[in-house]
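Order of the sequence lines sets the chain letters (A, B, ...), proteins ahead of strands, with each chain counted from 1.
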Amino acid sequence: MIQLTRRNFMKFAAASGAVLATGEGMKSKALAGTVQTQTGRDFSPTTKKERQAIPTACWQCVARDSMIGFVEDGRLVKLEGHPKSIRGNGHICARGMAGINQVYDPDRILYPMKRTGARGEGKWKRITWDEAVTELTDRIKKLRDEGHPEKFIFHYGRMKASAAKLIGGLVEATGTGSIGNHTSLCEAGKWTAQELTWGGHFDNWDIDKTKFILNFGSNILETHTNHMPVAHRIMNAKVDRGVRMVTFDVRMSNTAAKSDEWIPIRQGTDMAVFLAMTNVVLNKGLYKGDGEEFLKYCKCTEKHDDTVENKVEALKKHYANYTPEWASKISGVPAAKIEQIATEYATTKPAVLIAYRGAITTYNGTDSERARMVLNSLTGNIDNPGGNCKAVGAGWASAKIPKSETKKAKDIFDGAPKGQPESYPFPTHHASHQVLPRIKASGPGTFELALWYCYTPAYANGDVQGNIDVLKDEKLLPFVVSVDPFYGDSTHYADMILPDATYLERYDWEDMVDPTQIGEYYIRQALVKPLGESRDFGDVMIEICNRLGIKTDYKTKEEYVQQSVDMTPGVKEAGGWEYMKKNGVWNDGKAKYYSYKKEVPAEAIKEAGVVYDEEAGVYWNPEKAHVTENKGYFRSKNAYKGYVATKMGDKLIAGFKPDKINKSGYMELWSQPLKDVGMNPLPEWIPAPEHANIAPDDLHLTTFKVVVQTHSRTANCKWLSEIYPQNQAWMNPKDAAARGIKDGDRIKVKSAIGEMEILAHVTENAQPGHINISHHKGHWAYGRYASGKKSPVGADDPDDANIFWKGFGTHPNWIIPNKGDRIAGYQRWNDTLVKVTKA
Amino acid sequence: MKKGIGISRRDVLKAGGATATVIAVSGASAVVANAAEGPPRWAFIVDLRRCVGCRTCTVSCKAEFDVPLGRWRAVIKPVDWGIYPNNRRAFVPRLCNHCAGESEKGVPPCVEKCPEAQSGERLKMGDVRYRTGATYKRPDGMILIDMNLCIGCYKCIDACPYGVRYIDPSVKLKRPDREKDFGIGKCTFCEHRVDNGIEPSCVQACPHSARIFGDMNDPDSKVSKLIKEFNLDKNREKTTLLPQEKTVPHVFYIDPEGVLGRYKFDYKDKAKKQAEFRDNIV
Ligand code: SF4
Ligand code: SF4
Ligand code: SF4
Ligand code: SF4
C-alpha cells in the first residue's frame, strides 16, 4: 500500500522526474470540464505527458456507468471508471473501455446520405444536412397537414434519460404517438410482473448488505441492465465477506462458474422451482417472523384486509401441489436440492433473489417473476437493507418540452399480428418485436414515414428474414430514415441515413439505478467534437420542431441538458451545470428503504376529488386520473394515475404505488387485474405450448450474451471482436456424440421457421438437452470487424492489415420466431426447439 | 468502499498530494534523502478467487497503448475441468512476469539473450546504478524495452518461455540499418503510470480487484501483506507460472483452488507458446 510517508514519496520522486509535473497537465483547456483525482489520471506511454481528464458516462450498455475520458491532442484515447461514482466505484467493463472504438469506427457514417440504388443494394449519395432536415420536416409536415401525424412511426432501440425525455417528447410534439421501443426484447415481462405486484418497476439487489445471493438466470458477472455497479459488489461480497452465491442457469456462464454452486436447470422452468421453493417455505413455516410481518402489506386473497392467518392458508392451499418432487420432474433439479436452497434462502437473512433473462424469456416469463416476488415477500426480503429493493435513481427536473394539442397513434405496438393465436393482456412495455409482422399484416398505408433511432430492427428482433422482407418492401414502408452513427444491418435498408453523434460526443443527464439505494445524479459530456458532420439527433429534432413552428427554449440538446440540470433541486444548490461538468456525479447521501411504509398525512385524502375505494383499499383521485365515469378503482381506465394512499387498519401509508396498471397499494401477490382478465390471480404454472410434444432428439435453443459484447451494437468494436470474432454453438459432449458431432464441426440448427449453420463448441459447460448460441455475431452489413465488409463509406484503418479472423459467426435470430409471453407479450427468446445435425 | 486489496484510491491520492506538497516545499533535498533508501521492488498479484474473466484488463491495456489487433500485453486464459454437472471453470490472467531471473544470473532469459541488453545509458535509481539496453532490467524489477536500441533480432521473443512478447507492426526499429523492420512489444508494468504514482492501467481497470500492484520492499504495502498472508514468495512452485523454468516471476497468483496446476500449455514449442498468449472467447 502506498502510504503517506517520506519514504514512499521519495521512491516515486526517484523513479521519475515526471512526478515533479504532477497536476500540471490538468491546467490544459478541456473541451468541457476537468476532474482532478489521482485515479482519474492517465499519462501517455510515448510522450509521458498527462492526458486531459473529463467526466462523462458510458452508453455501451444500458447500465450507463460514470467514467472519465482521457483526451490527448484532441483525440480520445482512454476511458476509465469514475472514481467518485457511488454506483461504479471507479469501474467500467471491457465494453466500456472499448467505447473509443465506437468513436473511431472506420465504418462510421460521417455525413447524411440518401439511397441511390434499389433498397438494400448499398448505393448512396452524400447530401447536406439542410437537404436531409428539409426532406424529413416536409414529410412530417405533410402528414400533420393531412391529419395523420400517426403515419409517422418513430421506433427507437436505445433511448434513455435526457435523450428519451427530449427526443421522445419532441417526436410526440409533432403529433404522433406511434412510438416503438425495444423493451419486449429485453425484460418487459419482468417489468410487467413488477407493475402487477409492487407497482413501478426495477428491483435493486442490495448486494453490499446481503448475506446470501440466489440467482436464477442472470449472467450478472458478464452482462446486465445494471452490470458493473452490481457485478463488482458481488465479488466483493463473496471474497471480503464470504457471502455464498448460488446460480441456476441452463449453461455454465462465467457467473455460474464464479458462484459457489451452479445448479443446471431445464430451459423455461425456473418458475416451477420458485413455486416449489414457496411450497417448502410455507410447509416448513419459514415465513414466520419477518415473512409474517411483511404479509400484512400483501394481498394474498380477494380481500385486501384479510388476516395474516387467512393469507397464509390461502397460499398454502394454492401451493399445495407445487411440491419439490413436482418441480424436479419439470426442471431436472433434484427435489432435495430445491428443499435445501429454499431453506437456505428463507433462513439466511437478509438475502437477495435475482431473477433475470433466463427465468423470464419464456411462455410463463411474467408469472415467473411474480412467483419470485412471492418468495421475497414470504421471507421479508422486500425493500429492506440486503434484500430486493425498490430501485432508486436520480430524479432530474426537465426543461419545458413542447406538447402537441392532439396526438394520434397506430394501434400496432401491443399485440400479436392477426393469425398468430396469442394475446397479451398487459403489454405495459409493448410487444415491439411484433411491429414489423403487424405492419405486414395490416398492409400498405399503415405508415408513410418510418424513423429508426439507434435501432436495428432487422437484427434485433426474431425472424430476421421476415424483418428484412418488410424492410425491403417499399409499399409497406414508403420512406425509411435511419439515425445511427454507424452503417449496419438495418441502415442498409434505409432510404436516408442521418449520422448520429456517438455517446462520447454528446451531452445528457443520466439516471440509471444506484445499487446503494441513494440515487446518483450524473451526466454525460462530449469528450471530443462529433466526428465529420455527425450530429446529436436531439439537436436535429429541435431543428425539425422549430421548422415546424414548434418552439423550444433551447437550440441544442446540450442547452436542454444544462437548463434541466440547473433546475434540479440538490444539484442546483451544489453548483448546477458547472459543478456537474467538473465533477460528473452528485448524490444526497441518503439511502432509501421501506418506502411503502411511509405514512401519508391525513390532509392528502382531504383534498378535493379524493375518494376511497373499498374493494381496493385505496384513496384515489378520479379527476387527476382523467376518469369521467368512475367504475371503481380497479376498473376505471388509468385510475392508477390518481392513486393517493392505501388504508391499512387505521393508518394511511404510501404503499406500493401503482404504475401503468390499476393495482392496489398492497403488494399484490394475489392480483385483481389478472383475475379481471380471467387469469389465475396467483402465480400458476402453465407449460409452454411448444414444449408439450417435445421429441427425444429436440434440443432447447437458448441465447446468451458474452462478457465482451452487448446485443447488437458492439461487434464492430475491434478490441472486443478480436477477443470474440465469432460465436459457436455450445453443446454437451453427450448430445454432440449422439449426433456424430465433434468440437469445431460445422453443424445445422433447424427450427420451425428456418435453419442456420454454425460451428459447434462441444463443452461440459453446456447442459444436455440444450444448445446455447450467443446473439451478438453474424452481422451482414455492420462494418469490417463485425461482418468482414467495409461499409459503403468505410475509411482505411491502420489496423486493417492486422484483422486475423475470417469467421464472423451466425445470428440465431434467423431461426427464432417472434412470439410473446402469455401476460406481457415479452419476446420468448428461449422457447424455440431445434434439431441439430452435422453439416 | 472499494478495493479490498490493491493500492487504495485514498492511498494513491495521499501519495500524490504528498508528492506535490513536498516538492513544492523542499525540492531537491528530498530526492537526495531518498538515495539511501533504495528503489522499490514492484510485484503484481493476481487473485484468482476474484477474477471473473471479464477482460476489462485486456481491453484497458489495449487502449492504454493502442496495441494493434492480434497482439496482447494482458490476456485471460479460461481453465476448465471436471465432467458435467461437476464441471468447473476458472480464469488465469496472464502478463509479462517481470521475472527477476535466477539469482546467479540476476536477469530473466529475455534480458540474458538480448545482445543489446547493456548498450544504453548509465542511470541511477536510488543508490543503485544500472544500465539501460534494448531489453533491460530496472532496479525496481521492471523489465523494459528501449526501441531506440533494439536491433530486431527477436531473440528475446524466443527466449521468453511465456510467449508474452510480440512483434509490433505499429512500431518501427530506430536503428538505421533495420528501419524497415518492426519493433517488439510486451507488458511494461505501465512504467509511465507507475512512475507518476498511479496504478498500472489494468490494475485500475479490474472491477473485481483481482489485480494488485505494489512495492515488495515496503513491508506496509498491500502486496507485501498479501505475499505474507498467502506465502506467495516462499511457495513459488504453487504461486507462479512455469516455476521449473526458474525465471523467478514477480507476478504471483493467489490460488486456493489449485487452478495454476491445471493450466498447462506447450511452452517448449515456440509457435504454441506464442499462440497461447492470445485472448479468445469461445
Ligand atoms: S515473462 Fe518473459 S518477457 Fe517477461 S520478464 Fe519473464 S522472461 Fe522476460
Ligand atoms: S529483439 Fe530487440 S529487445 Fe529483443 S533481443 Fe533482439 S535486440 Fe534485444
Ligand atoms: S501492467 Fe500495463 S502493460 Fe502490463 S498488462 Fe497491465 S496494462 Fe498492460
Ligand atoms: S479485469 Fe480483473 S476480473 Fe476481469 S479478467 Fe482481468 S483480472 Fe480478471
Side-chain angles (χ1 to χ4, degrees), chain A residues 1-4 7-16 18-20 22-23 37-39 41 43 45 48 77-80 83 89-91 93-94 97-98 100 221 228 231-232 235-236 239-240 252 254 257-258 264 706-708 718-719 722-724 728 732 761 764-765 798-799 802-804, chain B residues 1-2 4 7-9 11-16 18-20 22-23 30-31 33-34 37 39-40 49-50 52-56 58-60 62-65 68-70 80 82-85 87 89 125-126 140 169 192-193 195-198 204-205 207-208 214 220-222 279-282:
Chain A
M1 198 175 293
I2 299 179
Q3 292 189 333
L4 179 56
R7 182 172 185 276
N8 236 295
F9 150 64
M10 310 305 175
K11 278 180 211 162
F12 282 123
S16 166
V19 91
L20 290 164
T22 293
T37 66
Q38 281 294 311
T39 38
R41 299 179 68 191
F43 297 82
K48 316 283 171 185
V77 286
K78 179 88 190 295
L79 297 161
E80 286 184 359
N89 285 327
H91 302 307
C93 76
M97 288 274 172
I100 296 157
L221 297 181
M228 197 39 80
H232 81 276
M235 292 314 290
N236 285 344
V239 181
D240 297 338
M252 198 173 74
N254 293 356
K258 292 307 285 188
V706 299
V707 70
V708 295
K718 62 181 181 180
W719 294 330
E722 74 170 324
I723 299 175
Y724 193 64
Q728 297 189 25
N732 185 274
H761 171 50
E764 298 291 346
N765 298 334
D799 248 337
N802 301 322
I803 303 176
F804 57 87
Chain B
M1 176 168 73
K2 90 129 288 231
I7 303 174
S8 78
R9 294 221 142 68
D11 291 332
V12 177
L13 192 59
K14 280 192 254 171
T19 305
V22 180
I23 287 287
V31 178
N34 179 58
E37 297 266 355
R49 298 171 303 172
R50 288 178 167 271
V52 306
C54 70
R55 270 78 172 185
T56 312
T58 308
V59 179
S60 85
K62 300 265 337 187
E64 187 73 26
F65 300 94
L69 289 177
D80 293 303
I83 302 293
Y84 174 90
N87 51 316
R89 159 167 277 209
M125 178 173 262
D140 57 2
H192 66 293
R193 287 172 60 107
D195 288 352
N196 281 303
I198 52 174
Q204 189 287 329
H208 304 294
D220 295 330
S221 71
K222 194 80 196 178
D279 206 324
N280 181 45
I281 295 174
V282 185

Pairs of heavy atoms under 4.5 Å with chain B: top-ranked of Cys93(A), Pro264(A), Pro45(A), Ala257(A): Pro45(A)
Which portion of Lys258(A) sits near chain B, non-hydrogen atoms under 4.5 angstrom: side chain
Contact origin within Pro798(A) toward chain B - heavy atom pairs under 4.5 Å: neither
Segment of Ile100(A) engaging chain B (4.5 angstrom heavy-atom cut-off): side chain
Interface moiety of Glu722(A) toward chain B, non-hydrogen atoms closer than 4.5 Å: both
Heavy-atom closest pair, residues Ala98(A) and Trp719(A): CA-CE3, 4.3 Å
Side-chain heavy-atom pair Asn89(A), Met228(A) within 4.5 angstrom cut-off: no
Interchain contact, Pro68(B) with chain A, by part (heavy-atom threshold 4.5 Å): both
Side chain proximity check, Val52(B) to Asn254(A), heavy atoms < 4.5 angstrom: no
Proximity breakdown for Asp279(B) and chain A, heavy-atom pairs closer than 4.5 Å: both
Residue pair Ala205(B) / His91(A): nearest heavy atoms and the distance that separates them: O-ND1, 4.3 Å
Worked check of side chain to side chain contact (heavy atoms under 4.5 Å, CB included) between Arg55(B) and Ile281(B): CA-CA 10 Å; Arg55(B) 270 78 172 185; Ile281(B) 295 174; 3.5 Å; yes
Heavy-atom check, side chain of Asn765(A) versus side chain of Arg89(B), under 4.5 Å: yes
